[in-house]
Amino acid sequence: MAKKRRNKEPYVENVLTNRMKEKLLLAFGFILFVMIALALYLAMINYQDGDKYSKYVLDNQQYDSVTLPFKRGDIKDKSGTVLAYSSKVYNLIFDPKVVLSNENYKEPTLTALTQCFDLSWQDLESILTSKPGSQYEKLLKGLTSEETAEFLELMNAKNSNIKGVWFEEEYVRTYPFGSLACDVIGFATSASKGELGLENYYNDVLTGIDGVSYGYLNSDLNLEKTVKAPVDGYNIITTIDFSVQSIIEKHIKKFNEEYGSDSTAVIVMNPHNGEIIAEASYPVFDLNKPRDLTGIYTAEELASMNDEDTVNAMYELWRNFCVSDVYEAGSTIKPFTVAAGLEEGILTGNEKYMCDGSEQILDHEVHCHNTNGHGELTLEGAIMQSCNDALMQISYLLGAELTAKYQDIFGFGYKTYVDLPGEDAGITTDADKMNLADYATNSFGQNFNVNMHQMAAGFASLINGGYYYQPHLVKRIETNSGEIVSTIGSTLIRQTITSETSETLRQYMYHTVSEGTAKKCAVEGYEIGGKTGTGEKWAYDEEGKNLGYRSKTDYLISFMGFAPIDDPEFLIYVVIDNPKVEAVGSATPACILSHDILVDILPYLNVFPNYSENIVPNVPPAADPEPTQGGDETTGAPENGTTAGTEGGTTAAN
């Protein structure tokens with residue numbers, strides 16, 4: 001009987017399993033030991049040199065960072081007409097490194113660039129050859145969205161191999177009306193920095209904060225991006241009325257094309273709150289091309305200029321006469337002198353003065369513009385006829401102390417702090433340094449100087465009941481959505497005179513326009529008041545040195561007016577520096593320019609004619625602005641001597 005064979009497999013399996021368990025346990029223990037050791041080692045490295053290695057890793061990652069520019073705020077007139085705005089444009093940026101990173105990128109990219117833009121294949125090849133490692137080459141600037149549309153369509157098409165090209169966003173400043181209100185608005189550079197005018201004064205308000213888009217390319221070439229949006233600048237709403245601004249600039253241009261001047265400037269202001277409705281001076285420049293001197297100088301003159309001459313010419317062109325030039329105001333100061341006398345009780349309005357044509361002041365004979373004398377005049381007649389002799393007699397009563405006091409009260413010699421850069425405060429004389437000649441000639445606007453904003457603000461107080469408001473050009477600051485950030489209201493500085501004195505002066509100046517020296521400023525049927533000023537300027541040599549006597553050929557003439565009489569809606573101040581007309585010795589050119597402006601702005605500003613019996617009809621002035629010597633407010637200055645006896649003030653050496 002055969003033996004059965006024993007099956008030994010279960011025994012073998014048990015033996016193998018136990019051995020394997022031992023080996024696996026040993027292997028697991030070794031691996032665990034290595035991992036613990038490695039973890040401890042990494043922890044030690046991280047503790048000792050973690051920052052260094054983190055920086056190394058970050059430095060070797062591929063980052064993508066793009067500045068997102070802010071939009072500079074708009075400048076608008078009082079009704080919302082946009083005077084300055086920023087529009088988005090695009091710069092075409094070429095990245096040779098990316099284009100050359102793959103052989104399939106070059107041909108489609110260069111083909112699209114030459115097809116869509118005015119670029120040559122040869123020039124692009126040259127950039128790739130000379131700057132293969134560059135990642136920023138600006139090919140074109142200032143492209144509009146319409147100009148980039150075709151290329152973007154090609155680049156974004158499916159399976160497009162157009163690579164290494166992108167568009168950098170930028171804003172350009174645009175002034176839709178060219179030279180309109182150029183001195184007031186100013187301009188901003190491509191770096192969005194205001195250079196002149198409101199652009200400069202309100203630069204921090206108009207300027208926003210750049211945003212940024214940043215991230216890096218991961219191992220899968222996907223861009224991990226974070227975007228911080230830009231913050232746009234605020235809009236400023238000005239007190240400027242576009243229509244009134246256009247009117248005054250139209251007439252200034254017409255006057256200078258026909259006759260010419262060194263400077264012609266006009267301010268229109270609301271006397272009840274200091275808001276400047278319009279402001280302009282001649283010559284003007286295009287805000288979109290502020291450095292372009294063609295049209296201002298001939299080709300021969302431009303060719304002869306060196307760099308310094310060109311810069312000086314530009315700054316002279318950009319100078320705002322209304323705020324940065326000072327001059328002797330002339331006879332427009334006479335109402336201020338009379339106001340001081342009335343306020344102090346020195347004058348009552350019932351006085352009589354005898355004008356014989358001149359006054360002896362120290363060692364000078366100072367003439368009235370009527371060298372034959374006006375004869376007997378009332379106080380009102382002294383204003384109406386602009387009599388220097390009568391005003392000097394009033395100055396003897398005021399003396400140095402009161403003359404200086406009221407110059408301070410009316411703001412002469414102090415900045416108005418109008419919201420424009422570059423204001424000149426002018427020069428006055430302290431009471432303790434004044435002599436008889438100083439306060440005598442100060443009474444009719446000589447031997448101290450002012451700027452146009454000082455005169456407008458002070459004159460506003462003469463006609464509005466005695467309230468001196470700070471002149472200003474901005475009334476509101478808003479966001480792009482129209483949300484009001486802040487409101488800039490009127491700032492009452494002080495009361496200069498009483499309402500009774502103000503009413504008296506308005507009547508005096510009404511008769512000055514209807515019957516006196518300012519008759520040529522009148523507009524038939526309207527109640528207009530005002531005062532003219534005429535004066536010889538100081539003479540200078542070719543190097544600009546004051547020669548110490550008054551010129552017989554150069555004049556600064558002006559008119560300060562308002563309407564209506566009882567409750568003035570606006571004042572207008574016209575100054576013409578050295579009008580290019582023959583035999584000028586009066587304010588006639590300023591009167592004609594003022595009349596032409598008034599004809600247009602009176603109905604626009606809702607000032608209506610009054611044809612009642614007590615409104616004297618006036619015939620508009622003739623178009624010829626060339627007065628004859630001996631007419632209204634002509635000069636009677638001595639040939640030598642520094643105290644000229646002009647009707648009005650002259651430009652003082654500063």
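- Side-chain contact check for Ser120 and Asp123: at least one donor-acceptor pair (N or O, by modelled atom type) lies under 3.5 Å.
- Under the ring pair (Phe, Tyr, Trp, His ring centres under 6.0 Å) criterion, Phe412 pairs with Phe336, Phe448, sequence neighbours left out.
- Between Tyr327 and Asp577 the shortest side-chain heavy-atom distance does not fall below 4.5 Å.
- Enclosure of atom CZ in Phe177 by more than 12 non-hydrogen atoms of other residues, nucleotides or ligands within 6.0 angstrom is indicated.
- When atom types are taken as modelled, the side chain of Thr207 and the backbone of Asp204 share no donor-acceptor pair closer than 3.5 angstrom.
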Stepwise, does the salt bridge (Lys or Arg N to Asp or Glu O under 4.0 Å) test hold for Lys415 with Asp424?
-> CA-CA 7 Å; Lys415 290 184 179 182; Asp424 193 322; over 6 Å; no

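- Within 6.0 Å of OH on Tyr234 lie no more than 12 heavy atoms contributed by other residues, nucleotides or ligands.
- Listed by first then second residue, pairs satisfying salt bridge (charged side-chain N to carboxylate O under 4.0 Å, His left out) with a partner in residues 136-147 read Lys131-Glu137, Lys138-Glu168, not counting sequence neighbours.
- A side-chain donor from one of Glu279 and Asn320 sits under 3.5 Å from a side-chain acceptor of the other.
- The environment of CD in Glu107 is sparse: at most 12 heavy-atom neighbours from other residues, nucleotides or ligands sit within 6.0 Å.
- Between Phe167 and Phe151, the two ring planes are perpendicular [angle over 60°; tilted spans 30° to 60°].
- Looking at His595 and Val523, their side chains come closer than 4.5 Å, going by heavy atoms from C-beta outward.
- Taking 4.5 Å as the limit, some side-chain heavy atom of Tyr297 sits within range of a side-chain heavy atom of Met305.
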Candidate pair Glu170 and Lys88, rule salt bridge (Lys or Arg N to Asp or Glu O under 4.0 Å), full reasoning = CA-CA 6 Å; Glu170 189 175 72; Lys88 185 179 287 188; over 6 Å; no

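- The number of heavy-atom neighbours closer than 6.0 Å to CD of Glu125, taken from other residues, nucleotides and ligands shown, is above 12.
- In this structure, a donor-acceptor pair under 3.5 Å is absent between the side chains of Tyr136 and Asp95.
- No side-chain donor-acceptor contact under 3.5 Å links Glu423 and Ser324.
- Arg72 and Asn203 share a side-chain donor-acceptor pair at under 3.5 Å.
- Ser261 and Asn256 share a side-chain donor-acceptor pair at under 3.5 Å.
- Among residues at least two apart or in separate chains, there is no salt bridge (charged side-chain N to carboxylate O under 4.0 Å, His left out) pair with a member in residues 302-313.
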Stepwise salt bridge (Lys or Arg N to Asp or Glu O under 4.0 Å) test for Lys193 and Glu199 = CA-CA 8 Å; Lys193 179 181 178 182; Glu199 291 275 29; over 6 Å; no

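- Residues Val99 and Phe94 have side chains in contact (heavy-atom distance under 4.5 Å, counting atoms from C-beta outward).
- Residue Lys71 places its NZ atom among more than 12 non-hydrogen atoms of other residues, nucleotides or ligands, all under 6.0 Å distant.
- Classification of the Trp318-Phe285 ring pair by plane angle, with boundaries at 30° and 60°, yields tilted.
- With hydrogens and angles left out, the side-chain atoms of Asn273 and His472 include no donor and acceptor closer than 3.5 Å.
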